[in-house]
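Following this message is one structure expressed as structure tokens.
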Amino acid sequence: MKRVLFICGKGRSRSPTAAQIFARDGISTDFGGISRDADDALSADQIEWADLIFVMEQRHRTRLGDAFGRMLDGKRVINLGVRDRYSFMASDLVAELESKVAPHLRGIS
């Protein structure tokens, strides 16, 4: 089973939406926020667990590297470029995530 981690700033809208819509047979998902005031703060255990990591913005990638550095060695981290302008499960957010994430998950059940 492929383990996919989604990261945004506060873990409030974008990453939990992505985790929910991409959880399916063959894919286990989780999410977290990289900001200090995140609702669901990202943990080292989540980084270790993940086979593939998606961040919503470049600043999340930068913070991820600053916070977890060497733990990211050998991990594939993909910046989706999804801006913070959506609410949880907003139809526009779901559509944008599907268009940007799905190509990276092709071939996974």
State, to 0.1 Å, how close Ala18 and Phe6 come at their nearest heavy-atom pair, and which atoms those are.
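In terms of heavy atoms, the two residues are closest at CB-CD2, 3.4 Å.
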Restricting to non-hydrogen atoms, name the atom on Cys8 and the atom on Met56 that form the minimum distance, rounded to 0.1 Å.
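Looking at all heavy atoms of both residues, the shortest contact is CB-CG, 3.6 Å.
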Ile7 backbone acceptor or donor facing Ser15 side chain under 3.5 Å:
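Checked: no pair found.
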Going by heavy atoms in the side chains, are Gln20 and Phe31 under 4.5 Å from each other?
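Side chain of Gln20 against side chain of Phe31, heavy atoms only: no contact under 4.5 Å found.
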Would you mind reporting whether Val101 and Phe22 have side-chain heavy atoms less than 4.5 Å apart?
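They are in contact (side-chain heavy atoms under 4.5 Å apart), so the answer is yes.
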Euclidean distance, Leu42 CG relative to His60 NE2, rounded to 0.5 Å
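His60 atom NE2 to Leu42 atom CG measures 11.0 Å (nearest 0.5 Å).
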Contact list for residues 37-49, test salt bridge (Lys or Arg N to Asp or Glu O under 4.0 Å), sequence neighbours left out
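Qualifying pairs, neighbours excluded: Lys10-Asp37, Arg12-Asp39.
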Supply the atom-to-atom distance Arg59 CZ to Ser35 OG, rounded to the nearest 0.5 angstrom.
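So the CZ of Arg59 and the OG of Ser35 are separated by 6.5 Å.
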Filter on side-chain hydrogen bond (donor to acceptor under 3.5 Å, both in side chains), then keep only pairs touching residues 92-102, sequence neighbours left out; what's left?
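Only Tyr86-Glu96, Glu96-Lys100 qualify under side-chain hydrogen bond (donor to acceptor under 3.5 Å, both in side chains).
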I need the minimum non-hydrogen distance between Gly32 and Leu5, along with the two atoms involved.
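Scanning both residues completely, I find the closest heavy atoms to be N-CD1, 4.5 Å.
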Decide whether Val77 and Leu80 are clustered together by the hydrophobic rule: side chain heavy atoms of Ile, Leu, Val, Met, Phe, Trp, Tyr closer than 4.5 Å, transitively.
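No, it is not one cluster - the side chains of Val77 and Leu80 are not joined through contacts under 4.5 Å.
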Compare all side-chain heavy atoms of Leu105 with those of Leu52 and state whether any distance is below 4.5 angstrom.
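Contact flag for Leu105/Leu52 side chains = yes.
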To the nearest 0.5 Å, what is the distance between CD1 on Ile21 and CG on Leu97?
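Ile21 CD1 to Leu97 CG: 5.0 Å, rounded to 0.5 Å.
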Over all atoms of both residues, closest heavy-atom pair of Arg14 and Val82
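For Arg14 versus Val82, the nearest heavy atoms are NH1-O, 2.6 Å.
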What are the two closest non-hydrogen atoms of Gln46 and Asp30, and how far apart are they?
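In terms of heavy atoms, the two residues are closest at NE2-OD2, 3.0 Å.
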Flag side-chain contact, heavy atom, 4.5 Å: Asp84 against Glu57:
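With C-beta onward as the side chain, the pair touches.
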Is it possible for you to say whether Val4 and Val94 belong to one hydrophobic cluster, with membership spreading through side-chain heavy-atom contacts below 4.5 Å?
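In one cluster: yes.
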Do you know which of Ile78, Leu64, Asn79 makes side-chain contact (heavy atoms from CB on, under 4.5 Å) with Ile53?
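With Ile53 as partner, Ile78, Leu64, Asn79 yield a single side-chain contact (heavy atoms from CB on, under 4.5 Å), made by Leu64.
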Within the 4.5 Å heavy-atom criterion, are Thr29 and Phe54 side-chain neighbours or not?
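SC-SC contact between Thr29 and Phe54 ruled out.
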